[in-house]
Number of protein chains: 2
Amino acid sequence: MASGAGADGTVGKALEVLDRVAAHGRPVRFSDLLAESAYPKATLYRLLQTLVHQGLLTQDDATGSYRPGLRLLRLAHAAWATASLAPIARPWLDTLAMETGETVHLAQLDQGQVLYVDKRNAARPVEMYSSAGKVGPAYCTGVGKAMLAFLPPAALPGVLARQSFHRFTPATLDSAEKLTAELAEIRTRGHAFDREEHEPGIICCAVPILTRGGRVIGALSVTSTTARSTLETLAAGAGRLREVAAQIAAAAEDWQFPEAG
Amino acid sequence: MASGAGADGTVGKALEVLDRVAAHGRPVRFSDLLAESAYPKATLYRLLQTLVHQGLLTQDDATGSYRPGLRLLRLAHAAWATASLAPIARPWLDTLAMETGETVHLAQLDQGQVLYVDKRNAARPVEMYSSAGKVGPAYCTGVGKAMLAFLPPAALPGVLARQSFHRFTPATLDSAEKLTAELAEIRTRGHAFDREEHEPGIICCAVPILTRGGRVIGALSVTSTTARSTLETLAAGAGRLREVAAQIAAAAEDWQFPEAG
DNA sequence: GTCCGAAGTTCCATTATTTGAAACTAATTC
DNA sequence: GAATTAGTTTCAAATAATGGAACTTCGGAC
């Protein structure tokens, strides 16, 4: 037993259960969890009890089913404010959204996946948590590829191994080989495109956010639709995007910054 | 050992440490945590290791200090989407913000505190996580008082005991007695005011979101400033606010809803 | 360069917690 | 109303957590 995030101790087991509940996206019954979880009934039962008691899970009074608890929101707020690029990058995202009139995303790498930490949508007013905290595939999004391209070579294989290479659209890069080739291009070009690889009709241009030392700490993207724009138009804004990324990186370095994985 | 959220097992201890790190709002060093945490060095050390390994904490490579980890964002997103009123209430918040031109808040009660789960700011375009996941005092905010007023009588003492009654402004209700009296008024009136009790110059009108059975599941508020509006003006919109709250409650009940605490 | 102290990490016998098969109870179904 | 399923409790055995103390690092001070 050693693949991935091995379950260390009771805490690890409890979090595995928590993840499983979260993954369902709707209230789950005890027996559903029992069926998939490999823990004996009593053990799972007590893990769930603990999680509920701690507020990480909420239990419906009526049905007894479980769902993620609100305590997670409080903790996440702290994480967002302290450990993400979002608070630092905020003014620049506002500016970019204004300038481009398009949707702007700020993302970081977490466990080999893209984690969106902020978003601006110039057209529609808001859209909150719906975006921050959302995760997406790294191999078929602009921000994902931009970050992978600038990962230290040693870290790449591990991350590649975690990609599913599911084919969302005909344009999706569906193998580690194709992706690796694309990453090399991105490295020389300096920015990544999403050519409708994740969603039909959705295109984007993304740049990595790099520290002076060249370490990737996030990515920035401007997204549009094929109906409204073209890759060429988006590419024209890449210089400005890189400029903003550099400014965010500079601001972040003053305030210190952690490792992505 | 029995008051509040007693630490059950290792999971409880780990979460206590996590909370402590989150509470700091900036990277914390091991020794700082050691000083405040009552656990012996080795124990605290291993708890932190576990949390880092699980991605709930991030450790700076350079300084070794700890901060909340990004994994929390992913989990919180699930909580927000599955267990909060926000996804259900979204369209109504948009409408309200449009109609009033003021800031609209959606909150729920969590551990005796107000937890903001969504927000609309008609004037300024955005402001993301900065608001969702944020917690605030229940005794001196409109949404807080609106929820407390409609709590089942049996639940009130426990919640009152958790209020700090810190005096933010001259108008803050600074005792359980004053608050209890105000709650009775709110109950008959049907809506709560914030008369600059939390921040000078900030006023609001809030209503509870109640199930058919009369259970509080959240609160809704329209906030303004003394410069721009008056309590009377806000009160004039209370009817509409109640109407929207009822619609949200109806929508929520179809989709089922958990307990607040 | 060496010494000192503070901060962080590892060890290991002791101790407390977790484990899980099975027995039990409550709620559905037939 | 008996049978089946879903959820909860029990308790001795197994496992993991504990924490005092020893150890290693690191960053000055001399």
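Protein chains get the first letters and strands the later ones, always in sequence-line order, with residue 1 at the start of each.
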(request) Let me know the distance between CG of A:Leu44 and P of D:dT9, rounded to the nearest Å. (result) 14 Å
(message) Rounded to whole Å, please give me the gap between CG in B:Leu47 and P in D:dA16.
(response) 16 Å
(message) Just the rounded figure in Å: distance from P of D:dG20 to CG of B:Leu34.
(response) 12 Å
(request) Using ring-ring contact (aromatic ring centres under 6.0 Å, His included) as the criterion, list what pairs up with B:Tyr66, not counting sequence neighbours. (result) none
(message) Measure CG/A:Leu48 against P/D:dT8 and give the value in whole Å, please.
(response) 10 Å
(request) Using side-chain hydrogen bond (donor to acceptor under 3.5 Å, both in side chains) as the criterion, list what pairs up with A:Glu199, not counting sequence neighbours. (result) none
(message) Classify A:Thr43 by what it touches in the nucleic acid, base, sugar-phosphate, or nothing, heavy-atom distance under 4.0 Å.
(response) base
(request) Write down the distance between OH (B:Tyr39) and C1' (D:dA17), rounded to a whole number of angstrom. (result) 12 Å
(request) Name the orientation class of the two ring planes belonging to A:Tyr116 and A:His105 (parallel below 30°, tilted from 30 to 60°, perpendicular beyond 60°). (result) tilted
(message) Taking side-chain hydrogen bond (donor to acceptor under 3.5 Å, both in side chains) as the definition, give me every residue that meets it alongside B:His198, ordered by chain and number, with sequence neighbours left out.
(response) none
(request) Could you tell me which residues satisfy side-chain hydrogen bond (donor to acceptor under 3.5 Å, both in side chains) with B:Ser65, sequence neighbours excluded, listed by chain and number? (result) B:Thr63
Side-chain donor-acceptor pairs under 3.5 Å in residues 140-154 of chain B, sequence neighbours left out?
residue: B:Thr141; atom: OG1; partner: B:Pro137; partner atom: O; Å: 2.9
residue: B:Thr141; atom: OG1; partner: B:Gly144; partner atom: N; Å: 3.2
residue: B:Lys145; atom: NZ; partner: B:Glu182; partner atom: OE2; Å: 2.7
residue: B:Lys145; atom: NZ; partner: B:Phe193; partner atom: O; Å: 2.8
residue: B:Lys145; atom: NZ; partner: B:Glu197; partner atom: OE1; Å: 2.7
residue: B:Lys145; atom: NZ; partner: B:Glu197; partner atom: OE2; Å: 2.9

Please tabulate the protein-to-nucleotide N/O contacts below 3.5 Å involving nucleotides 6-9 of chain C, giving atom names and distances.
residue: C:dG8; atom: OP2; partner: B:Ser31; partner atom: N; Å: 3.0
residue: C:dG8; atom: OP2; partner: B:Ser31; partner atom: OG; Å: 3.3
residue: C:dG8; atom: N7; partner: B:Lys41; partner atom: NZ; Å: 3.3
residue: C:dG8; atom: O6; partner: B:Lys41; partner atom: NZ; Å: 3.0
residue: C:dT9; atom: O5'; partner: B:Tyr45; partner atom: OH; Å: 3.1

